[in-house]
Amino acid sequence: MTIRVIIVDDQAMVRAGFAALLSAQADIDVVGEAPDGRQGVLVSRSTHPDVVLMDVRMPEMDGLTAAREILDPPRGVVHRPKVLMLTTFDIDDYVYEALRAGASGFLLKDAPPADLISAVRVVASGEALLAPSVTRRLIADFVQQRPAPRKDPALRLKGLTPRETEVLGLIARGLSNQEIAGHLVLAEQTVKTHIGRVLAKLDLRDRAQAVIFAYEAGLVRPGDSG
């Protein structure tokens, strides 16, 4: 199945470079571009992409605001693509807030071309781009510096079974499904089932939000590792 992608960035050269790179892949089709967040929202609504590559800092409307509009659309708008944030900074408040809003991860603009291609495929498949330890560390640092959200996540943890809580903790430590299966001596499909239940019970979009939730709930703390 072809992955439909749009690129939202205020630099024409960046859009052209990314479009050329991604279009050369047999399984990826670049279906639109936009120079700012406002137009990015409109292009997303008209082209129905699977993945939106969204720059963080843009004129007119920044990437965070645009991501929120795409991921939490008004009534009547059904399509909600995955959003992958692009940034030139490895530590950026906007990145954390975008993940909290439902973005599926972020990627540095100067990452190797292979990483960009892989990121699009990972996000399109429904996974969060949170594998690198630096990403987990950044999220942990951001969570540590911020107050808890309005709904106390620690209370919401009570709705999980002990096994589901354990699985959530391992997700937050950056373990893959295969690694969680090995750690808990379970079949990988069973792990996937547990993860699906965790996301559903906590009303979380994907693993990115699950990681943030686990830190905010105090289930894991910065520096924890699997």
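The shown structure was predicted, so the numbers you read here are calculated from the model rather than taken from an experiment.
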Test your reading of the model: is there a side-chain donor-acceptor pair from H79 to the backbone of I70, 3.5 Å cut-off?
no

Could you state the interatomic distance from CG (L53) to NZ (K82), rounded to the nearest 0.5 Å?
14.5 Å

Under the ring pair (Phe, Tyr, Trp, His ring centres under 6.0 Å) definition, can you give me all pairs with a residue in residues 18-42, not counting sequence neighbours?
none

Just wondering, do V56 and L64 contact through their side chains at under 4.5 Å, heavy atoms?
no

Considering all heavy atoms, the nearest V43-G32 contact
CG1-CA, 4.1 Å

Please tell me if the side chains of P59 and D10 come closer than 4.5 Å, counting only heavy atoms from C-beta onward.
yes

Quick check: do R121 and D27 have side-chain heavy atoms less than 4.5 Å from each other?
yes

Determine, stepwise, if the pair I180 / E166 fulfils side chain to side chain contact (heavy atoms under 4.5 Å, CB included).
CA-CA 10 Å; I180 294 173; E166 195 172 13; over 6 Å; no

Shortest non-hydrogen contact from A103 to M85?
CB-CG, 4.0 Å

Is the backbone N or O of A20 less than 3.5 Å from a side-chain atom of S23, with the two atoms forming a donor-acceptor pair by type?
no

I need the L168 CG to T161 OG1 distance, nearest 0.5 Å.
10.5 Å

Please evaluate residues E69 and R38 with respect to the criterion side chain to side chain contact (heavy atoms under 4.5 Å, CB included), reporting the C-alpha separation (whole Å), side-chain torsions for both, the decisive distance (0.1 Å), and the verdict.
CA-CA 9 Å; E69 290 206 11; R38 193 178 307 282; 5.8 Å; no

The reported gap from OG1 in T65 to CE in M54 (rounded to nearest 0.5 angstrom) is 9.5 Å

Any idea which heavy atoms bring E33 and A19 closest together, and the distance?
OE2-CB, 3.6 Å

Does a side chain donor of either S118 or D115 reach within less than 3.5 Å of an acceptor in the other side chain?
no

Shortest non-hydrogen contact from L107 to A119?
CD2-CB, 4.1 Å

Report yes if some heavy atom in the side chain of D55 is under 4.5 Å from a heavy atom in the side chain of M58; otherwise report no.
yes

How long is the span from the NZ atom in K158 to the NZ atom in K201, to the nearest 0.5 Å?
15.0 Å

Which atom of A210 lies closest to which atom of L199, heavy atoms considered:
CB-CD2, 4.1 Å

Of D50, I28, V30, V52, which meets side-chain contact (heavy atoms from CB on, under 4.5 Å) against R4?
D50

Approximate separation, where rounding is to 0.5 Å, of N177 CG and K192 NZ
6.0 Å

Is the shortest side-chain heavy-atom distance between I3 and D29 below 4.5 Å?
no

Is the closest side-chain heavy-atom distance between P81 and H48 below 4.5 Å?
no

If we only count heavy atoms from C-beta on, is the L184 to H194 side-chain gap below 4.5 Å?
no

After noting the C-alpha distance and the side-chain angles of L84 and S104, does the key distance pass the side chain to side chain contact (heavy atoms under 4.5 Å, CB included) rule?
CA-CA 6 Å; L84 178 61; S104 295; 6.0 Å; no

When R57, K109, R15 are each screened for side-chain hydrogen bond (donor to acceptor under 3.5 Å, both in side chains) with D9, the one that passes is K109

Decide yes or no on side chain to side chain contact (heavy atoms under 4.5 Å, CB included) for V8 and D36, but give the supporting numbers first.
CA-CA 6 Å; V8 186; D36 61 65; 6.0 Å; no

Any idea which heavy atoms bring A187 and A181 closest together, and the distance?
C-CB, 4.2 Å

Separation between CG of L157 and CZ of F213, rounded to the nearest 0.5 Å:
4.5 Å

Side-chain contact, heavy-atom cut-off 4.5 Å: T87 with L108?
yes

